[in-house]
Engineer: 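Dropping a structure here in structure tokens format, bear with me for questions.
Keep in mind that what you see is a predicted model, and the values were worked out from it rather than measured. The chains referred to below are lettered A, B, ... by the order of the sequence lines, with proteins before strands, and numbering in each begins at 1.
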Number of protein chains: 2
Amino acid sequence: MTVTRGRIDKRQAILAAAFTVFARDGYRQASVDTVAATAGVAKHTIYNHFGDKQSLFREAVGALADDALARNLAAVDLLRPDREPAEALTEVGLRLAECYCDEKSWALRRLLAAEAGSMPELLDIVRDRATDKVNDALADRFARLALAGRLKLTDPAVAAEQFGALLTGPLETRSRLGTRTLPPTELAEVAGNAVQTFLRAFGA
Amino acid sequence: MTVTRGRIDKRQAILAAAFTVFARDGYRQASVDTVAATAGVAKHTIYNHFGDKQSLFREAVGALADDALARNLAAVDLLRPDREPAEALTEVGLRLAECYCDEKSWALRRLLAAEAGSMPELLDIVRDRATDKVNDALADRFARLALAGRLKLTDPAVAAEQFGALLTGPLETRSRLGTRTLPPTELAEVAGNAVQTFLRAFGA
DNA sequence: TCTGATCTGCACTGGTCAGTGCATTCTACT
DNA sequence: AGTAGAATGCACTGACCAGTGCAGATCAGA
């Protein structure tokens, strides 16, 4: 359609294929040839677009972070101050847990951990583009709930940090770093436990 | 001294060097030649002892898990039912946080995450030899405290899971997967926050 | 139809590395 | 002193892979 439409399509296809392959094989193990084959594209095309393997990896990770951000913010957005906290928190907790346990989210975290040593800037990319914003949004909602007298807390940021921890910690352990898929009932159980403890500590 | 003393010493030296190198370079990137050089040993000696690179890695990870287990259990052991829970929990929390933030512990977790896809049995090794036992010990202490009327909780295992999560979650975020070293004051802050929230939820 | 940019297929270089083979040396025990 | 198991040094194979070069195909817009 537009001047560079075909070019943009290739780029997207490459990024998607890249993440798939990196997620499956790991950054080092994955070969650019495999990415090219998966994307249905010549290896040269990849180098034309991204320069080298590392830049391709960075961009693929960034794209995934943007994806994750959108889904997480949509979940947090359900936490409106006029809703009953217990009910709203349970829904938000479950949604966030689902985001966190998404296959691609696990892959992203494993890739980050694997390459944190050699490419520490990756962590900043993901934090700047996703993690921090989700945490801020959650803290903002908590602050509003506190103002409305529906939560008792001194520091909304800490509350957000801990709500997240109560979800992610158990999920990480139980799903074995994402190598085991949790049944929906267990997801709900973890979210329920988190909300229960959170409200015991901070409920009005 | 004994018949195989020299042999055992070599083995230990290799395991220590292996973990150091794997921790620094990652499993794929690390070369057996580098491990041999670091251990001050011929490459052949490594293959004599461990067969191949993967087995060496497994054994090095297992040894680290044993180390970590000992230090974590020592921390949990401070939680005696006759102590004031607030005080004891704070001390235990801080100790556990220190264990968790140990340089080698971070390296171990990063290696696990990196290779979880290709060697899922690693996760079982570490869980069987360390994680599960620490959690069980903690749950056991919580159960005793509840019996003594010093905690109000329905499920000690869930309480232990969540106490751990309140520590590890914030530590993971703040230290950026272990790439940033937390100042002792921040460690204490995280532990303090965790204990405060935990006692708000479960304190008698 | 022409032109320039992009894409493709293929072959190639240079480098790394796991694992092996062999001849030699060391060490501990008898 | 003698012997067997262990350790060493070194050279080598086979495989994998990032990145490049080139010659030709494709497709856009003028």
Side-chain angles (χ1 to χ4, degrees), chain A residues 1-62 111 114-115 117-119 121-122, chain B residues 1-62 111 114-115 117-119 121-122:
Chain A
M1 201 65 74
T2 84
V3 188
T4 49
R5 178 55 186 279
R7 207 167 177 263
I8 287 182
D9 282 352
K10 294 269 180 203
R11 192 186 170 86
Q12 294 302 94
I14 293 170
L15 280 177
F19 189 82
T20 303
V21 175
F22 285 139
R24 192 191 54 214
D25 298 345
Y27 171 65
R28 315 276 170 173
Q29 210 62 6
S31 82
V32 178
D33 295 83
T34 309
V35 174
T38 307
V41 140
K43 184 158 66 157
H44 256 0
T45 308
I46 292 182
Y47 283 98
N48 283 341
H49 277 280
F50 299 99
D52 62 10
K53 189 184 179 186
Q54 212 172 100
S55 306
L56 170 63
F57 184 55
R58 251 189 294 268
E59 299 236 23
V61 164
L111 288 171
E115 304 306 327
S118 56
M119 299 189 252
E121 74 274 15
L122 281 183
Chain B
M1 202 67 74
T2 83
V3 187
T4 49
R5 178 55 187 279
R7 204 163 178 268
I8 287 181
D9 282 351
K10 295 271 179 202
R11 193 186 169 85
Q12 294 301 94
I14 293 170
L15 281 176
F19 190 82
T20 303
V21 174
F22 286 138
R24 192 191 54 212
D25 299 343
Y27 171 66
R28 313 278 169 171
Q29 209 62 7
S31 82
V32 177
D33 296 83
T34 309
V35 174
T38 306
V41 142
K43 184 159 65 158
H44 255 0
T45 308
I46 292 182
Y47 282 98
N48 282 341
H49 277 281
F50 300 99
D52 61 10
K53 189 184 179 186
Q54 213 174 102
S55 307
L56 170 62
F57 184 56
R58 252 190 292 268
E59 298 236 21
V61 164
L111 288 170
E115 304 306 327
S118 56
M119 299 188 253
E121 73 276 17
L122 282 182

Engineer: Who pairs with B/Arg24 by salt bridge (charged side-chain N to carboxylate O under 4.0 Å, His left out), at least two apart in sequence or on another chain?
Structural biologist: none
Engineer: Taking ring pair (Phe, Tyr, Trp, His ring centres under 6.0 Å) as the test, write out the residues that go with A/Tyr27, two or more places apart.
Structural biologist: A/Phe22, A/Phe57
Engineer: Please report the distance, rounded to the nearest Å, between CD in B/Gln54 and C1' in C/dG19.
Structural biologist: 14 Å
Engineer: May I ask you to test the A/Phe50-A/Arg11 pair for a side-chain heavy-atom distance under 4.5 Å?
Structural biologist: yes
Engineer: In whole Å, what is the span from the CG atom of B/Asn48 to the P atom of D/dT8?
Structural biologist: 10 Å
Engineer: In which stems does DNA chain C show up, taking only runs of three or more Watson-Crick or G-U wobble pairs whose two distances fall under 3.5 Å?
Structural biologist: C:1-30 with D:1-30
Engineer: Go through the structure and list residues passing salt bridge (charged side-chain N to carboxylate O under 4.0 Å, His left out) with B/Lys43, not counting sequence neighbours.
Structural biologist: B/Asp33
Engineer: In whole angstroms, how far is the P atom of D/dA6 from the NE2 atom of B/His49?
Structural biologist: 8 Å
Engineer: Tell me, which pairs form a salt bridge (Lys or Arg N to Asp or Glu O under 4.0 Å) where one or both residues lie in residues 12-21 of chain A, sequence neighbours left out?
Structural biologist: none
Engineer: Check the interface with nucleotides 10-18 of chain D: list each N/O to N/O pair with the protein under 3.5 Å, or write none.
Structural biologist:
residue : atom : partner : partner atom : Å
D/dA18  : OP1  : A/Ala30 : O            : 3.1
D/dA18  : OP1  : A/Lys53 : NZ           : 3.0
D/dA18  : OP2  : A/Val32 : N            : 3.0

Engineer: Between A/Lys10 and D/dC27, is there a side-chain N or O to OP1/OP2 distance below 4.0 Å?
Structural biologist: no
Engineer: Name all residues meeting the side-chain contact (heavy atoms from CB on, under 4.5 Å) criterion together with B/Thr45; count only those two or more places apart in sequence or in a different chain, and write none if there are none.
Structural biologist: B/Ile14, B/Val41, B/Ala42, B/His49
Engineer: So, taking the atom named CD in B/Gln12 and the one named CG in B/Leu15, what distance separates them when rounded to the nearest 0.5 Å?
Structural biologist: 6.0 Å
Engineer: Please enumerate all residues that pass side chain to side chain donor-acceptor pair (under 3.5 Å) together with B/Ser31, with sequence neighbours excluded.
Structural biologist: B/Thr34
Engineer: Would you compute the distance between atom CD of B/Glu115 and atom CZ of B/Arg58 and round it to the nearest 0.5 angstrom?
Structural biologist: 11.0 Å
Engineer: Let me know the distance between CZ of B/Phe50 and C1' of C/dG19, rounded to the nearest Å.
Structural biologist: 16 Å
Engineer: Does B/Asp52 have any side chain to side chain donor-acceptor pair (under 3.5 Å) partners at least two apart in sequence or in another chain, and if so, which?
Structural biologist: B/Ser55
Engineer: Please list residues of residues 14-23 of chain B whose heavy atoms come under 4.0 Å from any atom in DNA chain D, ordered by number; otherwise none.
Structural biologist: none
Engineer: Quick one: label A/Gly51 by what it contacts on the DNA or RNA (base, sugar-phosphate, nothing), any heavy atom closer than 4.0 Å.
Structural biologist: nothing
Engineer: Go through the structure and list residues passing side chain to side chain donor-acceptor pair (under 3.5 Å) with B/Thr38, not counting sequence neighbours.
Structural biologist: none
